[in-house]
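Take a look at the structure set out below.
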Amino acid sequence: MAESPITARSKDFAAWYQDVVLSGDMAEPAEIVKGCMVIRANGYAVWEVLQRELDNRFKATGHQNMYFPLLIPKSFLEKEAEHVEGFAPELAVVTVAGGKELEEPYVIRPTSETIIGHFFAKWIQSWRDLPMLVNQWANVMRWELRTRMFLRTTEFLWQEGHTAHSSHDEAMEEVLRMLDVYADVAENIMAMPVIKGQKTRAEKFAGAEKTFSIEAMMQNGLALQAGTSHDLGQNFGKAFDVKFQSKEGQLDHVWQTSWGVSTRLVGGLIMSHSDDKGLVLPPKLAPTKAVLVPIYRKDEERAQVMEVASKIAKDIGAKLDEREGQTPGAKFYHWERRGVPVVLELGPRDIAAGNIVLKTRHTGAKEITTQEGIAERVPQVLEQMQAELYAAAKKRLDDNTVLANSIEQVEEILRPVTAEKGGGRFVMAHMKDDARCDARVKEFKATIRCIPLVDRFDGPGKCIVTGEQVDRRVVIAKAY
RNA sequence: CGGGCUGUGGCGCAGCCUGGCUAGCGCGCUUGCUUGGGGUGCAAGAGGUCCCGGGUUCAAAUCCCGGCAGCCCGACCA
């Protein structure tokens with residue numbers, strides 16, 4: 001074995017995840033900085049593709065990128081009561097700078113609602129200034145007690161959208177529009193099916209009126225909150241005195257939203273598609289979609305093979321693996337672990353026959369195609385792979401979504417579930433958005449993931465905890 | 001932040017309990033030849049603050065104390 005073997009998913013899911021991240025050249029622990037990671041070349045390249053897909057959609061919906069400071073005066077966070085209460089335990093605070101104790105400490109941003117609120121107040125006077133549609137690509141820091149690469153690290157990369165509107169209706173449209181953007185990227189780019197829903201009051205963002213999320217299911221059946229979109233109401237508008245004068249001449253506080261996705265998406269991607277051989281990347285997200293491995297023995301074969309190989313690689317935009325001193329077999333393993341969707345093999349036999357061998361990552365299937373046909377064939381295979389990965393993930397989600405009609409039943413299903421052993425399910429049950437319900441499922445370490453926006457089941461029913469009438473089933477699961 | 005496990009060339013480990021000569025092994029790495037359609041073989045080499053800091057001892061990878069980091073569990077969370 002050239003590199004460390006990958007633990008089987010069935011043996012230990014958590015160890016498998018760690019192995020895939022490491023052997024896929026995605027990231028490694030920063031080791032000298034607690035809870036932080038180094039995002040390595042392959043992992044960062046995937047993040048860059050995600051950024052591009054998201055950023056294009058943000059621009060298309062009228063947002064502009066800006067950048068705000070990393071450091072936020074501590075008093076800013078204290079202006080919104082719920083917000084400070086929610087974030088206080090996980091703040092990193094700068095108290096000394098330039099060799100001197102600061103008069104007012106700074107916090108390293110855990111999110112930027114407050115500092116952006118401050119500037120919105122400065123920039124917004126009239127209804128003509130609205131809506132204000134801003135996005136920021138940034139790093140943030142939350143002092144987490146337990147970290148996992150990509151899924152939860154002390155420092156992480158994300159985007160945070162912040163908007164201000166002249167009415168609550170308009171703000172709500174924005175909240176749901178951006179939730180749709182996230183779902184679109186998750187499903188159509190990442191091939192990761194998600195459930196759109198609203199968080200319970202107990203689970204919502206600190207300082208928001210309402211929080212919406214997309215929830216995905218990992219291969220071990222655990223839920224992953226993959227994106228959030230918040231209706232901030234006028235909470236921050238009031239805290240930072242962001243006021244505008246309406247057409248009618250009335251002075252009112254703005255209605256704000258914020259929404260974000262992070263490098264956590266990369267973790268979700270890994271846990272959605274990868275297998276015991278390593279990383280599997282959906283074609284639309286793969287930084288390298290195809291690699292061509294040339295095969296030869298003697299020098300004259302090499303010359304012949306390389307000539308055709310470099311031409312084909314160039315034609316179809318594949319990376320040519322021309323490393324010397326490594327056998328083709330070693331190269332196959334190398335690219336397999338890194339999740340490259342398609343690997344092409346070209347050797348003397350193919351040269352003689354005018355053929356080329358194509359292998360797809362997710363099935364491991366090999367097919368022989370003509371060299372003339374390969375430029376046409378590769379995109380077909382990639383498209384099919386994208387669809388099959390989504391279908392497999394969707395089937396897993398559907399197969400592991402179950403109904404329950406009593407809290408005991410929910411508990412029976414979810415209590416034994418663990419991250420490393422798996423067996424997770426999305427349990428659909430009628431439950432009220434009430435702190436008693438959140439507390440009850442927490443007894444067996446589960447959470448109400450969301451109240452789905454679309455009811456795919458049987459409509460209203462009685463809450464299995466409080467007995468009160470509710471209009472649909474909620475998603476209950478163990479989560480990352 | 002509490003509990004458990006772990007930290008030894010790049011990676012995986014042995015040695016630690018029961019302190020003692022030059023710290024081993026497999027893989028990888030370098031050079032050469034060979035091989036090449038799923039991790040080719042042979043030969044010769046390079047590479048180590050034994051996580052860090054104290055302590056005990058004639059002597060510490062090994063024993064003791066403290067710290068740092070990682071993994072798992074718990075509480076908290078994108």
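Residue numbers begin at 1 in each chain, while the letters A, B, ... track the order of the sequences.
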Original post:
Mind checking who A59(B) pairs with, Watson-Crick or G-U wobble, both distances under 3.5 Å?
Top reply: none
**OP:** Sticking with atom C1', work out how far U30(B) lies from G47(B), rounded to a whole angstrom.
**Re:** 10 Å
**OP:** Using atom NE2 of His230(A) as one end and atom C1' of A78(B) as the other, report the distance to the nearest whole Å.
**Re:** 9 Å
Original post:
Which nucleotide in the list A69(B), C71(B), G37(B) gets nearest to the side chain of Thr147(A)?
Top reply: C71(B)
**OP:** Starting at NE2 of His230(A), measure out to NE2 of His162(A) and round the result to the nearest 0.5 Å.
**Re:** 9.0 Å
Original post:
When rounded to the nearest Å, what value does the distance between P atoms of U6(B) and A78(B) take?
Top reply: 33 Å
Subject >> For atom CZ of Phe332(A) and atom C1' of G37(B), their distance in whole Å >> reply: 6 Å
Subject >> Base-pairing assignment for U18(B) (Watson-Crick or G-U wobble, both under 3.5 Å) >> reply: none
**OP:** May I ask which nucleotide in the shown strands pairs with G74(B), Watson-Crick or G-U wobble, both distances under 3.5 Å?
**Re:** C1(B)
Subject >> Spacing between Glu345(A) atom CD and G39(B) atom P, to the nearest angstrom >> reply: 12 Å
Original post:
With respect to the phosphate group of G36(B), does any side-chain polar atom (N or O) of Lys298(A) fall under 4.0 Å of OP1 or OP2?
Top reply: no
Original post:
If you look at every strand shown and take non-hydrogen atoms under 4.0 Å, does Val261(A) touch a base, only sugar-phosphate, or nothing?
Top reply: nothing
Subject >> Paired nucleotide for G37(B) [Watson-Crick or G-U wobble; both distances under 3.5 Å] >> reply: none
**OP:** Select one nucleotide: of G39(B), C71(B), A78(B), the one nearest the side-chain heavy atoms of Tyr333(A).
**Re:** G39(B)
**OP:** Please report, rounded to the nearest Å, how far the P atom of A78(B) is from the CE atom of Met178(A).
**Re:** 20 Å
Subject >> Atom pair distance, as rounded to whole Å: CG in Asp19(A) and P in G70(B) >> reply: 17 Å
Original post:
Checking all strands, does Glu90(A) fall into the base, sugar-phosphate, or nothing category for heavy-atom contacts under 4.0 angstrom?
Top reply: sugar-phosphate
**OP:** Any strand is fair game: report the nucleotide pairing with C25(B) by Watson-Crick or G-U wobble, both distances under 3.5 Å, or none.
**Re:** G12(B)
**OP:** Please state whether the phosphate of U40(B), meaning OP1 or OP2, lies under 4.0 angstrom from any side-chain nitrogen or oxygen of Thr327(A).
**Re:** yes
Original post:
Within the structure shown, what part of the strands sits under 4.0 Å from Glu301(A) by heavy-atom distance: base, sugar-phosphate, or nothing?
Top reply: nothing
**OP:** Classify the nucleic acid contact of Thr228(A) as base, sugar-phosphate or nothing, counting any heavy atom under 4.0 Å across all strands shown.
**Re:** nothing
Original post:
Is Arg264(A) near enough to A78(B) that one of its side-chain N or O atoms lies under 4.0 angstrom from OP1 or OP2?
Top reply: no
**OP:** Using the P atom as the reference point in each nucleotide, state the distance between A46(B) and U31(B) in Å, no decimals.
**Re:** 15 Å
**OP:** Report the base-pairing partner of C68(B) (Watson-Crick or G-U wobble, both distances below 3.5 angstrom), or none.
**Re:** G7(B)
Original post:
Using 30° and 60° as the class limits, which term best fits the ring planes of Trp47(A) and Trp137(A): parallel, tilted or perpendicular?
Top reply: perpendicular
Subject >> Inter-nucleotide C1' distance (A69(B), U57(B)), Å rounded >> reply: 29 Å
Original post:
Touch check for Asp350(A), heavy atoms < 4.0 angstrom, all strands: base, sugar-phosphate only, or nothing?
Top reply: base
Original post:
So what does Glu144(A) touch, heavy atoms closer than 4.0 Å: a base, only the sugar-phosphate, or nothing?
Top reply: base
**OP:** Could you check whether Gly364(A) gets within reach of a base, just the sugar-phosphate, or nothing at all, counting any heavy atom under 4.0 Å?
**Re:** nothing
**OP:** Ignoring backbone atoms, test whether Lys442(A) places a side-chain nitrogen or oxygen under 4.0 Å from the OP1 or OP2 oxygen of C76(B).
**Re:** yes
Original post:
Would you say the ring centroid of Phe76(A) lies under 6.0 angstrom from that of Phe240(A)?
Top reply: yes
Original post:
Within the structure shown, what part of the strands sits under 4.0 Å from Arg148(A) by heavy-atom distance: base, sugar-phosphate, or nothing?
Top reply: sugar-phosphate
Original post:
Hey, does the Lys NZ or Arg CZ of Arg302(A) hover above the aromatic six-ring of Tyr296(A), less than 6.0 Å from the centre and inside 45° of the axis?
Top reply: yes
Subject >> Lys/Arg cation over aromatic Tyr390(A): Lys394(A), 6.0 Å, 45° cone >> reply: no
**OP:** Salt-bridge test for Asp25(A) and Arg337(A): reply yes if a basic N is under 4.0 Å from a carboxylate O, no otherwise.
**Re:** no
Subject >> Residue Glu324(A), side-chain heavy atoms: nucleotide from A75(B), G36(B), G39(B) that is nearest >> reply: G36(B)
Subject >> Distance, rounded to the nearest Å, where Asp12(A) contributes CG and C72(B) contributes P >> reply: 8 Å
Subject >> Nearest-angstrom distance, P atom, C13(B) to U56(B) >> reply: 34 Å
Original post:
In terms of side-chain heavy atoms of Ser262(A), which of A78(B), G39(B), C72(B) is nearest?
Top reply: A78(B)
Original post:
Picking from G37(B), G39(B), G70(B), which would you name as closest to the side chain of Arg349(A)?
Top reply: G37(B)
**OP:** Using whole Å, report how far CE of Met271(A) lies from P of A78(B).
**Re:** 16 Å
**OP:** With the side chain of Tyr296(A) defined as its heavy atoms from C-beta on, choose the nearest nucleotide among C71(B), A78(B), G36(B).
**Re:** G36(B)
**OP:** Select base, sugar-phosphate, or nothing to describe what Tyr480(A) touches, counting heavy atoms under 4.0 Å on all strands.
**Re:** nothing
Original post:
When the P atoms of G10(B) and C76(B) are considered, how many whole Å apart are they?
Top reply: 40 Å
Original post:
If the C1' atom of G70(B) is compared with that of C27(B), how far apart are they to the nearest Å?
Top reply: 22 Å
Original post:
Which of these nucleotides, A75(B), G37(B), A78(B), is closest to any side-chain atom of Lys445(A)?
Top reply: A75(B)
Original post:
Expressed in whole Å, how much space separates the P atoms belonging to C33(B) and G39(B)?
Top reply: 23 Å
**OP:** Identify, between Met149(A) and Pro89(A), the residue whose nearest nucleotide on RNA chain B lies closer to the 5' end.
**Re:** Met149(A)
**OP:** Report the residue (Ile356(A) or Ala14(A)) whose heavy-atom-nearest nucleotide on RNA chain B is the more 5′ of the two.
**Re:** Ile356(A)
Original post:
Choosing from G39(B), A75(B), C71(B), which nucleotide comes nearest the side chain of Leu145(A)?
Top reply: A75(B)
Original post:
Touch check for Lys331(A), heavy atoms < 4.0 angstrom, all strands: base, sugar-phosphate only, or nothing?
Top reply: nothing
Subject >> Side-chain (Ser310(A)) to main-chain (Glu307(A)) donor-acceptor, under 3.5 angstrom >> reply: yes
**OP:** Write down the distance between CD (Gln326(A)) and C1' (G41(B)), rounded to a whole number of angstrom.
**Re:** 16 Å
**OP:** Report the C-alpha distance between Met431(A) and Ile407(A) in whole Å, list the side-chain angles of each, state the deciding distance to 0.1 Å, and finish with yes or no for side chain to side chain contact (heavy atoms under 4.5 Å, CB included).
**Re:** CA-CA 9 Å; Met431(A) 208 173 262; Ile407(A) 187 68; 3.7 Å; yes
Original post:
Contact class for Thr211(A) (heavy atom, under 4.0 Å): base, sugar-phosphate, or nothing?
Top reply: nothing
**OP:** When you get a sec, tell me which of A78(B), A75(B), G36(B) is the closest nucleotide to the side chain of Ile295(A)?
**Re:** G36(B)
Original post:
Parallel, tilted or perpendicular: which fits the ring planes of Phe156(A) and Trp158(A), with parallel below 30° and perpendicular above 60°?
Top reply: perpendicular
Original post:
Leu151(A) near the nucleic acid: base, sugar-phosphate alone, or nothing, with a heavy-atom cut-off under 4.0 Å?
Top reply: base
Original post:
Are the side chain of Ser213(A) and the backbone of Glu215(A) linked by a donor-acceptor contact shorter than 3.5 Å?
Top reply: no
